[in-house]
Amino acid sequence: DLVLHFGAAPLSKNLNAYLTAHLGTRTIMISAHGVWSDAPHRVNDVLIADPVQFCHQIAERLRDRPPTSSWVRQLHTLELQTWDLLAAREKLTLFEGGVAAQFIRLTPPNVIVYAASSSAVRHIDQFARPRSDSFKIFANRGLSGIDGTIASAIGASEGSRERVTLMIGDIAFLHDL
């Protein structure tokens, strides 16, 4: 088994607990700048490479390889079942996760999505099915991530000169007024 680490240290309590429980697993950090950012000391090696190019090259090499372990096949089966269950639930009732999934599904390619902190960004992460086309998702993070969401979305549009669609809830919206 192998862990590929991209970006900063994870913030998720559950993911950190899982990674800590598997400290013996070889962990490679993929870093564009060679910065070894590993406060919990879980990383064995740092590979200096562009993370996007690295993923494209790995995906290309693995494209026609069938899964070799039973857990990969099981994970793939469970993922397909999960997407089927979520699609069925979306047809039955309106719920926040379904709204986030539909929001991402209906977002045109090459449009920046700006997600408000807390529920919006979490629902996109949990319920939106991955897409193969290109679009970017931005969000504020940190303890004060709710501050300035609307201004941040406008700034992303102005700075990139691209179309931005903001997904924001009532609390984040009212917080910015």
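- Taking hydrophobic clusters as Ile, Leu, Val, Met, Phe, Trp and Tyr residues chained together by side-chain heavy-atom distances below 4.5 Å, F103 does not share a cluster with V111.
- The structure places CG of L23 at 11.0 Å from NE2 of H41, a figure rounded to the nearest 0.5 Å.
- Distance check, rounded to the nearest 0.5 Å: CG of D50 to CD of Q57 gives 9.0 Å.
- The closest side-chain heavy-atom distance from M167 to I124 is below 4.5 Å.
- Evaluated for a side chain to side chain donor-acceptor pair (under 3.5 Å) with R42, the options T25, T27, N16 yield exactly one hit, N16.
- Using modelled atom types, one side-chain atom of S157 and one backbone atom of E162 make a donor-acceptor pair closer than 3.5 Å.
- In the hydrophobic clustering of this structure, I112 groups with L166; members are Ile, Leu, Val, Met, Phe, Trp, Tyr whose side-chain heavy atoms approach within less than 4.5 Å, directly or through other members.
- Counting all heavy atoms, side chain and backbone alike, V164 lies closest to A153 at CG1-O, 3.9 Å.
- No side-chain heavy atom of I104 sits under 4.5 Å from any side-chain heavy atom of F127.
- At least one side-chain heavy atom of R131 sits under 4.5 Å from a side-chain heavy atom of T107.
- Residue W36 comes nearest to N44 through the heavy atom pair CH2-O, 3.6 Å, listed as atom of the first residue, atom of the second, then distance.
- Here the side chains of S31 and I48 are not in contact, with every heavy-atom distance at 4.5 Å or above.
- I58 and L2 fall within a single hydrophobic cluster, where Ile, Leu, Val, Met, Phe, Trp and Tyr side chains are chained together by heavy-atom contacts under 4.5 Å.
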Under 3.5 Å donor-acceptor pairs involving side-chain atoms of residues 168-176, not counting sequence neighbours:
from	atom 1	to	atom 2	distance (Å)
H175	ND1	D147	OD1	3.2
D176	OD1	G148	N	3.0
D176	OD2	T149	N	2.9
D176	OD2	I150	N	2.7

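- Across P109 and D133, no two heavy atoms sit closer than the pair CG-OD2, 3.3 Å.
- Between D38 and P40 the shortest side-chain heavy-atom distance falls below 4.5 Å.
- I154 and F138 fall within the same hydrophobic cluster, where Ile, Leu, Val, Met, Phe, Trp and Tyr residues are linked whenever their side-chain heavy atoms come under 4.5 Å apart, directly or through other members.
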**Study point:** Intermediate values then yes/no, salt bridge (Lys or Arg N to Asp or Glu O under 4.0 Å), R26 and D45
**Key:** CA-CA 8 Å; R26 183 164 182 217; D45 301 291; 2.8 Å; yes
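- Taken together through direct or relayed side-chain contacts under 4.5 Å among Ile, Leu, Val, Met, Phe, Trp and Tyr, L47 and L62 form part of one hydrophobic cluster.
- Qualifying side chain to side chain contact (heavy atoms under 4.5 Å, CB included) partners for Q81, counting only residues two or more places apart in sequence or in other chains: T77, L78.
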Sequence neighbours left out, cut at 3.5 Å: what donor-acceptor pairs do the side chains of residues 83-100 make with other protein atoms?
from	atom 1	to	atom 2	distance (Å)
W83	NE1	E79	OE2	3.2
E90	OE1	R105	NH2	2.7
E96	OE1	H123	NE2	2.9

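- Pairing each heavy atom of H5 with each of P10, the nearest pair is CE1-CD, 4.0 Å.
- Nearest heavy-atom pair across A139 and A115 is CB-O, 3.3 Å.
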